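Reviewing the structure listed below.
The figures here come from the full heavy-atom set of this structure, side chains too, leaving out hydrogens, waters and symmetry mates. In what follows, every chain begins at residue 1, and chains take the letters A, B, ... in the order their sequences are listed. Not measured: the values here are computed from a predicted model.
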Amino acid sequence: MLGHEYTTKEVFRKNFFNDWRKEMAVEEREVIKSLDKCDFTEIHRYFVDKAAARKVLSREEKQKLKEEAEKLQQEFGYCILDGHQEKIGNFKIEPPGLFRGRGDHPKMGMLKRRIMPEDVVINCSRDSKIPEPPAGHQWKEVRSDNTVTWLAAWTESVQNSIKYIMLNPCSKLKGETAWQKFETARRLRGFVDEIRSQYRADWKSREMKTRQRAVALYFIDKLALRAGNEKEDGEAADTVGCCSLRVEHVQLHPEADGCQHVVEFDFLGKDCIRYYNRVPVEKPVYKNLQLFMESKGPRDNLFDRLTTTSLNKHLQELMDGLTAKVFRTYNASITLQEQLRALTRAEDSIAAKILSYNRANRVVAILCNHQRATPSTFEKSMQNLQTKIQAKKEQVAEARAELRRARAEHKAQGDGKSRSVLEKKRRLLEKLQEQLAQLSVQATDKEENKQVALGTSKLNYLDPRISIAWCVCLGSQFPPVAYGGPGFSRRPLFSPSTAPVPCPLGSAQALPVTGTHDAESCVISSPCPERSDGQGEVGVLTVAWDSEASGGPVELSLPTGSGRWLSALLGGHLGHSRLSLTPR
DNA sequence: TAAACGACTTGCCATGAAGTTG
DNA sequence: CAACTTCATGGCAAGTCGTTTA
């Protein structure tokens, strides 16, 4: 770990030395008393050399390593669940090391112990082939609990929490719970108007508890904040969510940015990612916040009468299965749908449509505060792109001049040969202009995405059916009605266009489909090659929906040619939605 | 009834594999 | 084909939320 910034941190060094001393023999403890006097450069060099040696391996040696990894994957990477082979997510025990944690973690530097078979609980059915522990060892326990999904578990030594071996997201088990999650979010659509009027009414409640709950729920809904469970202090970095906000995390401005009643949020959320936002709120919210903050210190809880448990209990009464995080899923998905509708135009080029999709995705990521560190290569690769654009511009100028010359030539000659030259030059210019447009769209996309992470929302929050419906809407009306309803606008990034009816897939007529279809009934069939029942075809994406015309489910197998285009857009969805795309 | 526990989802980042370019 | 860039995957920490325990 030498060379990492955190080895210079006092907390890290203290925790490490403390744990290290516990591991020492008595004689060592006598000698090694100060970390500052320890020199690790030799062992550090050993590991650096080892990493360097790996890099320069020959082709054959690399191939061999790859084959060995593949063998491990084959032997340990799969299990049988309900008679089907399923891929396991993490089948390796976490190796020992020094705990880092994120942000200012009080436990950074502590030793994460090596896990032995004696620490591991195995969970599998009684009549199955129970895994053998390594020679000379025993499992901590073998149990057969079919009410849980994990295959093995152990207790991790730093936080004293349980770690699990579970299935891969492409498994039926995970896919179906993900689907259920989106179904719950979609159900919220039918309740959300009522819930919103309810919490608005509750802003005037006689009971402080109810008012606090109503204001918190407003934030969870409008700003997609996380619930914010209580945390034990000293056990982890000081981060908060909605219910655990403290007075110091909000500032009230009677007027700011030309708006009245502005609330300024500034706090560290999950993973110590800063949430900073200034939002105009409705007057009663503002007045209530003033009330909640009265005669409190900065470290006091803003919502002192509210817990995530009481909030979720309330939500459960409003709708079966409703909890705070459902609002994040719902608002993320409906925002994607609305943005796709607002941003796509039928006449746009494929490149422009991809930009629109990414922008819609970006609005969601910003709503959910999914940030990333600017990639280390960002500046350089941006520069490369600009260079390319410049070169393309010159090519375009050159082609334009050539076209002009050819036109003059044709005028002078007027024969068939000069005409075909003219045509050729015209086509060349068109092609180059198109390439230039694509590059500049790419640059825009890259720049806008500098500090925004799209993966998390695509994987966890965006109903893949919306993306698919958008991809295959074939000139009929988008959006489908999956997450309809008025919703309300939040931090719009891009000005909506009024152009209706996008048709992102160029070859609409090539697909023999008629009738209406929408994401409401759009079903993703499951071409998962890993499954032993072998559903679906590799190389074809199959989407099914209920068609009015046929009165039943219709299956659409997209032509392989659309694979690249679709996978470019849907790539990030694939992990969690059992949707497998293998373009040929 | 609150704290602790257990099981699961969500989150960011580093890595290495795959793709692209000259 | 090497050098470079991009992307998918794995890793594991950190949340959410229901249940159990003290």
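Using a 4.0 Å heavy-atom cutoff across all strands shown, A:G228 reaches sugar-phosphate atoms only and no base atom. Within the nucleic acid shown, A:N90 has no heavy atom closer than 4.0 Å to any nucleic acid atom. A:K107 comes within 4.0 angstrom of no nucleic acid atom, judged by non-hydrogen atoms across all strands. Residue A:A236 is out of contact with every strand shown, counting any heavy-atom pair closer than 4.0 Å. Backbone-only contact: A:R372 has heavy atoms under 4.0 Å from sugar-phosphate atoms and none from a base. Heavy atoms of A:T149 sit under 4.0 angstrom from primed sugar atoms or phosphate atoms, though from no base atom. Among the heavy atoms of the strands, none lies under 4.0 Å from A:S161. Within the 4.0 angstrom heavy-atom criterion, only backbone atoms of the sugar-phosphate kind lie near A:T177; the bases stay farther away. Counting non-hydrogen atoms under 4.0 angstrom, A:K313 reaches nothing in the nucleic acid. Across all strands, A:E232 comes closer than 4.0 Å only to sugar-phosphate atoms, never to a base (heavy-atom distances). Nucleic acid contact for A:D271: sugar-phosphate only, since backbone atoms but no base atoms lie under 4.0 Å from a heavy atom of the residue. Residue contacts for A:P375: at a heavy-atom cut-off of 4.0 Å it reaches no nucleic acid atom on any strand shown.
Taking the side chain of A:R226 as heavy atoms from C-beta on, and the options B:dA18, C:dT16, C:dA14, the nearest nucleotide is C:dT16. Among the nucleotides B:dG11, C:dA14, C:dT6, the one closest to any side-chain atom of A:T456 is B:dG11. Among B:dC8, B:dT10, B:dG6, the nucleotide with an atom closest to any side-chain atom of A:Y461 is B:dT10. Distance from the side chain of A:M166 is smallest to B:dA7 among B:dC12, B:dA7, C:dA13. Comparing C:dC12, C:dT6, C:dG15 by their closest approach to the side chain of A:R102 singles out C:dC12. Which of B:dT10, B:dC8, C:dT5 sits closest to the side chain of A:W150 comes down to B:dC8. The A:N460 side chain lies nearest to B:dT10 when the options are B:dT10, B:dC12, B:dT9. Closest to the side chain of A:Y164, from the set B:dT10, C:dT5, B:dA7, is B:dA7.
Between A:K181 and B:dT10 there is a side-chain polar atom (N or O) within less than 4.0 angstrom of OP1 or OP2. OP1 or OP2 of C:dC17 lies within a sub-4.0 Å distance of a side-chain N or O belonging to A:T323. The side chain of A:K174 places no N or O atom within less than 4.0 Å of a non-bridging phosphate oxygen (OP1 or OP2) of B:dC8. In this model, the phosphate group of C:dT5 is approached by a side-chain N or O of A:N384 to a distance below 4.0 Å at OP1 or OP2. Contact check, A:R328 against B:dG11: a side-chain N or O comes under 4.0 Å of OP1 or OP2. Residue A:T309 has no polar side-chain atom (N or O) positioned under 4.0 Å from OP1 or OP2 of C:dC17.
What separates NZ of A:K163 from C1' of B:dA7 is a distance of 13 Å, to the nearest Å. Distance CG (A:N312) to C1' (C:dT16): 8 Å, rounded to an integer number of Å. Rounded to a whole Å, the NE2 atom of A:H105 is 18 Å from the P atom of B:dC12. Atoms CD (A:Q159) and P (B:dA4) sit 14 Å apart, rounded to a whole Å. Look at NZ on A:K92: it is 11 Å from C1' on C:dT9, rounded to the nearest Å. Here C:dG11 presents its P atom at 11 Å from NZ of A:K112, a figure rounded to the nearest Å.
Each of A:G101 and A:A324 was assigned the nucleotide of DNA chain C with the nearest heavy atom; the assignment lying further toward the 5' end belongs to A:G101. Residue order along DNA chain C, read from the 5' end via each residue's closest nucleotide, puts A:G103 first among A:Q316 and A:G103.
A donor-acceptor contact under 3.5 angstrom links the side-chain atoms of A:K270 to the base of B:dT10.
Residue A:L336 forms a side chain to side chain contact (heavy atoms under 4.5 Å, CB included) with just one option from A:N331, A:L367, A:V364, and that option is A:V364. A:K112 pairs with exactly one of A:E156, A:Q159, A:E94 by the side-chain hydrogen bond (donor to acceptor under 3.5 Å, both in side chains) rule, that one being A:E94. Screening A:K392, A:K388, A:Q395 for a side-chain hydrogen bond (donor to acceptor under 3.5 Å, both in side chains) with A:Q435, the sole residue that qualifies is A:K392.
Of the possible polar contacts, none joining the A:R246 side chain to the A:L302 backbone as a donor-acceptor pair under 3.5 Å is found. A:N358 places no side-chain N or O within donor-acceptor distance of the main-chain N or O of A:L355, the cut-off being under 3.5 Å.
Using a 4.0 Å cut-off between a side-chain N of Lys or Arg and a carboxylate O of Asp or Glu, A:K431 and A:E434 do not qualify as a salt bridge. Taking the charged nitrogens against the carboxylate oxygens, A:D119 and A:R113 do have a contact shorter than 4.0 Å, which makes a salt bridge. Look at A:E379 and A:K450 and you find a salt bridge, because one of the NZ, NE, NH1 or NH2 atoms lies within 4.0 Å of a carboxylate O, short of that distance.
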